[in-house]
Structure formats: structure tokens, C-alpha cells
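We name chains A, B, ... by the order of the sequence lines, and we start the count at 1 in each one.
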Protein chains: 4
Amino acid sequence: MTEATLPRWQRKKDARPSEILDAALSLFVEKGFRATKMEDIARAANVTKGTPYLYFQNKEEIFKAVIQVNLSSRFAELAEIERQHSGSAAELLQQLMFKWWDEVGCTELAGICKLVIAEATNFPELTQFYAAEVIQPSLTMVGRILQRGIANGEFRAVPIESATDALLAPLVLAMTWAHSFGKVVPEGAGYSYKNSRHHLAEALDLVLNGLCVPGKNNN
Amino acid sequence: MTEATLPRWQRKKDARPSEILDAALSLFVEKGFRATKMEDIARAANVTKGTPYLYFQNKEEIFKAVIQVNLSSRFAELAEIERQHSGSAAELLQQLMFKWWDEVGCTELAGICKLVIAEATNFPELTQFYAAEVIQPSLTMVGRILQRGIANGEFRAVPIESATDALLAPLVLAMTWAHSFGKVVPEGAGYSYKNSRHHLAEALDLVLNGLCVPGKNNN
Amino acid sequence: MTEATLPRWQRKKDARPSEILDAALSLFVEKGFRATKMEDIARAANVTKGTPYLYFQNKEEIFKAVIQVNLSSRFAELAEIERQHSGSAAELLQQLMFKWWDEVGCTELAGICKLVIAEATNFPELTQFYAAEVIQPSLTMVGRILQRGIANGEFRAVPIESATDALLAPLVLAMTWAHSFGKVVPEGAGYSYKNSRHHLAEALDLVLNGLCVPGKNNN
Amino acid sequence: MTEATLPRWQRKKDARPSEILDAALSLFVEKGFRATKMEDIARAANVTKGTPYLYFQNKEEIFKAVIQVNLSSRFAELAEIERQHSGSAAELLQQLMFKWWDEVGCTELAGICKLVIAEATNFPELTQFYAAEVIQPSLTMVGRILQRGIANGEFRAVPIESATDALLAPLVLAMTWAHSFGKVVPEGAGYSYKNSRHHLAEALDLVLNGLCVPGKNNN
DNA sequence: CATGAATGAGATTTCATTCAT
DNA sequence: CATGAATGAAATCTCATTCAT
């Protein structure tokens, strides 16, 4: 894949645009799309009010660019890990899940997930983009791994889609809630996200346990 | 009475509040809180701009009322079912989950969940209200049932919080996404919510399977 | 003067209208014309929102009626006192001034003065009425008394208008400020209206002293 | 540059605030605070609706600024005149009074006085500000001069507060009424403010005459 | 006569966007 | 390229007034 074929939003080499997008990301995640003022974005990027308009047509375009820049790139790497993996499917699922958690889930980037959910119906085009670039690859990859696990006798012959859902739901929820309830109800009404990584590991274990062929515990 | 003599307005003091809340629910779910204009709510409720203010102090109060009326009330009933149940814990979990799905999850009401997630940081007071009225009771109830299942030897001694999370996450996610991605990407990028109830049942089975003591299938 | 020739606003014998006007007076004096809501007037008069409109065309008409009812009547009585007075001009001025102070100046009615000043340019018609019914008679009467005092050697031959002004200004100011600054800065920035009556007496003495023929102190 | 190419707006950062305050002053004096619309102020200042908000937080702040800019500043100068004065107290009082009249009393600025009286109870904070910045200094200064006049045998030993009141009341009243009745009843019901300066001089003379020690005419 | 639910014009304020400098 | 003053559409909320009951 050459430089020339990289998508438009990755080609900007100037620092300005990405400073603006970084500022926008933080503010969008913190306040939501509507409540974030262009002037705040500009100020957070150390430029003045008019400058963002030199790089982006309007606030919507910034929103799109923020999501495009921050998420699309990560799937090639995950796919590479999947290709090179030689151990059990369960191990691979755990490895990928934790990698995603550490690089996205427990960072500001997780807020994008909340953002997209919140604004999905206001930005259909973007939502489709996100579905194609993030959701689709995730589901496909996990489905593929499950299939392999079933094929090699590691997992029971469960319905792929439902199992994928059961596996990913805790992760997605943890990411989403950390940026909604987590900000407001820190001790989460009896449900703590303080130790989310550990917590997530346990939920994953549980589901993997349900997946595994009885008597053949791969965990 | 001809069209020309139709009264400019009709007095319906008792009906108004719920008409307004119904209108608000649909619009909030569709567009989000900020993007929903008071005048739209009014028009959707067949009244004029000022009328909602006769019944609610402002838009936020309408938001709160929407949640109170539609969700808070349901938990007493769920608790009653729990109290009267005499079968297995797994059965109870399934029964409650499907009841919730049928009455909330697969209806417009599920959109409230998305709404709260989306607006959480903008309305901390409301988020706390939702956490106390909806999330807390759910988590407590599921936790209690799990505990009982472990106590009577039906389930393995898993960590309660993580298991609760694993059980509820698919439900919450299904509700949330139906009102974000579901509206925009109907065929869900390879992940269909078309048959959500069936789908949910399978995910639940899977997790319950992971919970159960090997050799003792209670489903 | 027969009943039939009484001005329109005094002919209403029902209690309702005057209850409404009393309520309106208090509220207008307290909050000003614009800030007083029709509903507040209604509530203060123990009727409902629509009732004032059965008696008055709109808020402006209530404002007019409030002023007409409360002030016009008092001048006949003052004129009668003037006619029957046989002592010195200075004594008469003092007597009238205190009578006005005790019946109007130190009561809620004084607030009308502030009201008219505040709304004068918004209600020219009313202002003209007030000028004709209240200001004009006052000035004429005081001028007449001064003239008499000069004629009988009690006062120096001062310009009538300026002397009238000097005599009445402290009274008017006391009335006005009691309903503006007096409400907000009770201790009046070094200038106390607590003992306004005493205070007023002294200011009047001072001006009368300036009026009197030297060597002939009538006070 | 033809009419057609006139810029939609002009940048005048430094000039704007005072243009806005000037426009606001005229409108406030003419219509009162509540009745003056922000859009009117903007239009009178040749800007659009939003521009005043670039310089002032809201209408109240404009009100405050109008008073600060136009009145607060003048007292230092008056105090300086007082300090440098070496003649009689009566002369000083006349000089100050006429200076104030010429610079404030007979100009649009006098309308501020009416304004504050009218809106006092609606803006307690502002009223306190005005009391501290305008009323208090005036009263103190006049009181000080009276005291000096009494000390050096020029005036009789009258009560300071009442004498201050008698001296200032005609001035304040002239300022106030010029912007209420004066606008509506130009010939003032037999009481003309046409020659206010002359008129005021006479009233002042009268009061000073009442103040002076008999046989010792300092005027 | 009286009520009070409903109307709808109107006012304040916000903020994405423009464009002269 | 960058600035930031200015624009003006839009949104919330108020309240005088109306009129079916």
C-alpha cells in the first residue's frame, strides 16, 4: 500500500490539522458533539477561531475526520497478529481483546465509541463508515477465530453470531460506560469500573468457559 | 362542525402531560436531547410552543419525566417476579431478561438507554437518577439471583460482578445499538439485530453454560 | 358634585374591580409595570387569570385606573383646608405638606409617583392625566399660598415658581426615593429616610426661613 | 468603492463598546430598561444583534457600564474643585451645582437618574453601585461644605442632612422630571423647565438665603 | 360572570461560520 | 496562512391575551 493510496485524511502531514483533531477528540469525548464549540476546539489547539476552517469545511467534517483518523488504522495490526498466531483460539481472543483494551478501551479513544452511538442517527454517513471500518472487521475477525476454534475441537458448535456478541459485549459496554456513567457515578452503583481490565478478564473467562467443549478446558 | 369551525385548541389537562412525554420520547430517541427542539416536541404533541411549559419547567425536566414514567416504574414488578419464583436461577434469569426485552428492549423505550449514555456527562443529575433508578436495581437483582444459584450448587463460584456484567452486556448492547447503528446500517455489517430475541437467547445460553456446574445442565 | 358626574373609574361599586386595582397597585409599586404579571395581579386579588379582563381591557388600562383611582380625589380636600385657613401662610404650607405626607407620602401610594416617573414616556396619555390631576393642582395651590404670604408681608417677593419648586422638591424626592433606593439601600448612603417626617420638617423650615422677611420669623 | 461593495460590517474593536453604550444610554433613557430591546441597541449602534454580546455579557452589564462610564468618573473632578476652592461656601455650592447641571443635568445623562430610580428595585446590585458611586459622594461633599460654612460663621447651625436634602432636591427633581414629564407635558402644567438653569439658580438662592446668618449676605 | 388551558408573538442569548485585514 | 470582529439564524423560555367550558 503506497503513500498515494492512503485515504485522504491520513495524508495531511502538517501538524495543524492533527492538533485540531486531537483537541476536537478530547472535547467531543468530554462534552459531546453539540456541546463542543468550535472556538473551544480552536483554543485547545492553540489557534484562533477561524483557523480550523482553513483545514476543515465545518464542525461535521471535523467530527468525521476525528473518527476516521483515530480508528481505521488499528485493524491491520490486529489482523497481522491473528495471522501469525499458532496457539489456541481462546488464547488469541484474550490476546486481541487485551491489546484493544490497552490501546483503545482504557484510553480517551474509547470515548469515540460512545460518541458514535450518541450521534449515529445524526450522521448516518459517518455511522456507516464506522460500521464498515470498525464494527465489521471486529465481528468478522472474532467470528473467524471462533470458527477455527470450533473446527479444531476447542469450542462447542455454538452459533457464531451470538457467541461473537457475548464475547464482545462486555468490552464494548466497558468502553462506553466509562465515558458516560463512569464520569458521573464513579463508584458505579455497586458496579465498579475501577478494575475494568481485571473485570473484563473474568467476564471473558466466563464466556470462554461456556464455549469450551466440556472436559477440555483450554483456559 | 365543519373544518372551519374547529377550535383552535382543545382543553385536555389530564391527557396533555403524557402526550407531551410520548412525543418527547420519540424525538429524543430519534435525534438526541440537544437536537430535539421544544417546538418539535410541542408540534408532535399537537400543541403550540408554549404549552409544554405549562406542565414542565424546561426541557431537562421533560427528559427526567420521560425516564421516570417509562422506566422507573418497571422494577417493582420485576422484583415481585423474583420473589415469587421457585424454579432454577437460570430459568429466572431467562424469564426476567425476556420480560425486559419484550417490554422495553424491543420497543422505542430501549432508546432511552442510548439517550442516557449519550447525554450522561451533560446531565450529571439525571445520570445519577438513572443510575439509582435503573442500573443499580438491575445489577443488584441479577447479583442476588447469581448468589442464590451459587448457593444451591446450580452455578460455579464465579465472581458476581463480572458474571453480572457478562449476563447483562448483550442485552444492554442490543438495546443501545438498535437505536444507533440499527437505524442506519439495518443489516448491521454482518451482524444482524433482526432476530434479536433469538440472538439474545443464544448469548444468554452461552453465558449460562459457562456459569453452570459441569455435568449439571439446568437449562 | 353628584354621583352621576363622578369620573368613570369611581363609579364601579362592585368590590372586584377595586380588589384588582389594589392588588395591581401593590405589585406595580413593588416591581414596576413591566415586571408585574397579570397572573400575579389576579392571584393577589383572589381571582383567576381571566377575570381582570372582564373589568379592564388590558394591563395598560389597569395601570391607568390604578393611578386615577388613588390620586385624583385628594385635592378637593386640600383645597377645602386652604379655603378655611386663617393663620399664616407658612403654617398653612406646613399643615398641607404634613397632611399629604401622612396620607400619601409615607404610604404605599407614594410609590405611584415613582411609577409615573418611570413609565412616563411609555404612557404619555396617562402622564398628561397625572400632570393635570396631581401636579398642576399642587403647584397652583402652593403658588397661591406663596402669593398670599408675599401679599401680606409674611414672605419676601421671591419668584413664585422657583419657590414652589424649592418647597415641594424635598417632599417629592422623599416620596420617590423611599420606593427606589429606600428599598435597596435602607441606610441610604449616609442619608437616612428612617425619620423622613422629621427630616422633611427641617428642610421645610429651612426653605421657609429663606422665604421669610428678615426680622419677621413666623415659624 | 460603490454602495454595492460596501462591506457587510466593519471592524472597529476599539470604537464598538462606546458606540454601544451611547446607543444604550439614549434608548434606556427614552424607553426604560425593560422596554429597550437588545436588538434596538444593536441597530442604534449600527451593528447586528449578536455584536453587543461580544463586549458585554448581557443587558444588565450594559446598564451598569452606561452608568459607570457616564457618571462615576465625574466626582474626582468635583472633589478637586472643592479642594482648590478658597471663597465662600455658598459660592462653592453654586459653582458645583451649575457645573453638574451644565455637564449632566441639562444633557441626556440626566436621564440616567430617572432610570436608576425607575429600575432600582429590579436591580438591587446596580442601585447599590449607584448609591455608592454617585449619591454617597454627592451627599458627603455637600455636607462637608455646609459644615465648613457653619464653622466659619457663614451659615446658621442647621441640621446637615436636612439642609443637604433641601439643597439637592431641586436639582435632582429637575433632572428626573425633564426625562419623564418634560418629554410628555413640555409646558409642565404651569411649571416650566424651559428655563431650568435660571429656575434652579433661584431655588438655590432661596435655600442659601435660609441658610445664611441674618445680616451677613454672602451671595 | 368566572375559569384556566392554550395560544403565539416576542425577547434574550448562543454560536457556527464568514471574510476584511 | 492566520486572525478575530462581526454576522444572523436558531433555540429556549415568557407572558399578555383569548375563549371553550
Side-chain angles (χ1 to χ4, degrees), chain A residues 14 16 33-43 46-62, chain B residues 5-17 34-42 45-62, chain C residues 14 16 34-43 46-62, chain D residues 1 5-17 34-42 45-62:
Chain A
D14 293 315
R16 267 297 139 67
F33 177 75
R34 286 292 286 263
T36 296
K37 293 183 240 172
M38 283 297 273
E39 194 168 0
D40 291 343
I41 295 175
R43 193 172 15 251
N46 283 313
V47 294
T48 51
K49 235 163 68 169
T51 304
Y53 289 93
L54 298 176
Y55 299 96
F56 304 95
Q57 225 169 36
N58 55 37
K59 201 163 87 160
E60 294 199 12
E61 292 300 319
I62 291 180
Chain B
T5 59
L6 269 180
R8 264 190 308 162
W9 37 257
Q10 289 165 10
R11 314 177 128 211
K12 296 198 292 180
K13 191 185 184 184
D14 293 347
R16 287 288 181 238
R34 286 290 289 261
T36 297
K37 286 179 270 177
M38 283 299 274
E39 198 165 358
D40 292 343
I41 294 175
N46 283 311
V47 293
T48 51
K49 226 173 15 164
T51 302
Y53 290 95
L54 299 178
Y55 299 96
F56 304 95
Q57 232 169 27
N58 52 39
K59 206 164 81 165
E60 259 190 69
E61 292 300 318
I62 291 181
Chain C
D14 293 314
R16 267 296 141 67
R34 286 290 289 260
T36 297
K37 292 182 240 172
M38 284 297 274
E39 194 168 0
D40 292 342
I41 293 175
R43 191 170 18 249
N46 283 312
V47 294
T48 51
K49 234 164 68 172
T51 303
Y53 289 94
L54 298 176
Y55 299 96
F56 304 95
Q57 224 168 37
N58 54 36
K59 200 162 86 160
E60 294 199 10
E61 293 300 318
I62 292 180
Chain D
M1 197 186 275
T5 58
L6 269 179
R8 263 190 310 161
W9 38 257
Q10 288 164 11
R11 315 177 128 213
K12 296 200 293 181
K13 190 187 182 178
D14 294 347
R16 286 287 181 241
R34 286 289 291 260
T36 297
K37 286 178 269 176
M38 283 298 273
E39 197 166 358
D40 293 342
I41 295 176
N46 283 310
V47 293
T48 51
K49 233 175 7 171
T51 302
Y53 290 95
L54 298 177
Y55 299 96
F56 305 95
Q57 232 169 26
N58 53 37
K59 204 163 82 164
E60 264 191 63
E61 293 299 318
I62 292 181

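Here the closest non-hydrogen pair linking D/Thr48 and D/Ala42 is O-CB, 3.6 Å. Between D/Tyr55 and D/Pro17, the shortest heavy-atom distance links the atoms CD2-CG, 3.7 Å. Closest non-hydrogen pair, C/Arg43 versus C/Asp40, comes out as NH2-OD1, 3.1 Å.
Checking side-chain atoms of A/Lys59 against main-chain N and O of A/Phe33 turns up a donor-acceptor pair under 3.5 Å.
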Exercise. Reading DNA chain E 5' to 3', what string of ( ), [ ], | and . shows its pairs, if Watson-Crick and G-U wobble pairs count only when both distances fall under 3.5 Å?
Worked result: .||||||||||||||||||||
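A sub-4.0 Å separation between OP1 or OP2 of E/dT7 and a side-chain N or O of B/Thr51 is present. Between B/Tyr53 and the phosphate of E/dA6, there is no side-chain N or O to OP1/OP2 separation shorter than 4.0 Å. OP1 or OP2 of F/dT12 sits under 4.0 Å from a side-chain N or O of B/Lys59.
Counting to the nearest Å, the P atom of E/dA2 and the CZ atom of C/Arg16 are 5 Å from each other. Rounded to whole Å, the distance from CG on D/Asp40 to C1' on E/dA11 is 11 Å. Atom pair B/Glu39:CD and E/dG10:C1' shows a separation of 13 Å (rounding to whole Å applied). For the pair D/Glu61 CD and E/dT12 C1', the computed distance is 15 Å after rounding to whole Å. Rounded to an integer number of Å, the gap from C/Lys49 NZ to E/dG4 P is 10 Å. Residue C/Arg34 contributes atom CZ, which lies 10 Å from atom C1' of E/dG10 at whole-angstrom precision. For the pair D/Asp14 CG and F/dG4 P, the computed distance is 14 Å after rounding to whole Å. At whole-Å resolution of the value, CZ in D/Phe56 and P in E/dT14 are 15 Å apart.
Each of B/Tyr55 and A/Met38 was assigned the nucleotide of DNA chain E with the nearest heavy atom; the assignment lying further toward the 5' end belongs to B/Tyr55. When each of A/Glu60 and C/Gly50 is assigned the nucleotide of DNA chain E with its nearest heavy atom, C/Gly50 is the one assigned upstream, toward the 5' end. In terms of position on DNA chain F, the residue among C/Lys37 and D/Asn46 whose nearest nucleotide sits closer to the 5' end is D/Asn46. Between D/Leu54 and C/Asn58, the residue anchored nearer the 5' end of DNA chain F, judged by the nucleotide with its closest heavy atom, is D/Leu54.
To the nearest 0.5 Å, atom CD1 of residue A/Ile41 and atom OG1 of residue A/Thr36 are 6.0 Å apart. Atom OH of D/Tyr53 is separated from atom CG of D/Asn58 by 7.0 Å, given to the nearest 0.5 angstrom. Expressed to the nearest 0.5 Å, how far NZ of A/Lys49 lies from CE of A/Met38 amounts to 10.5 Å.
Between the P atoms of F/dT21 and E/dC1, the separation comes to 23 Å (whole Å).
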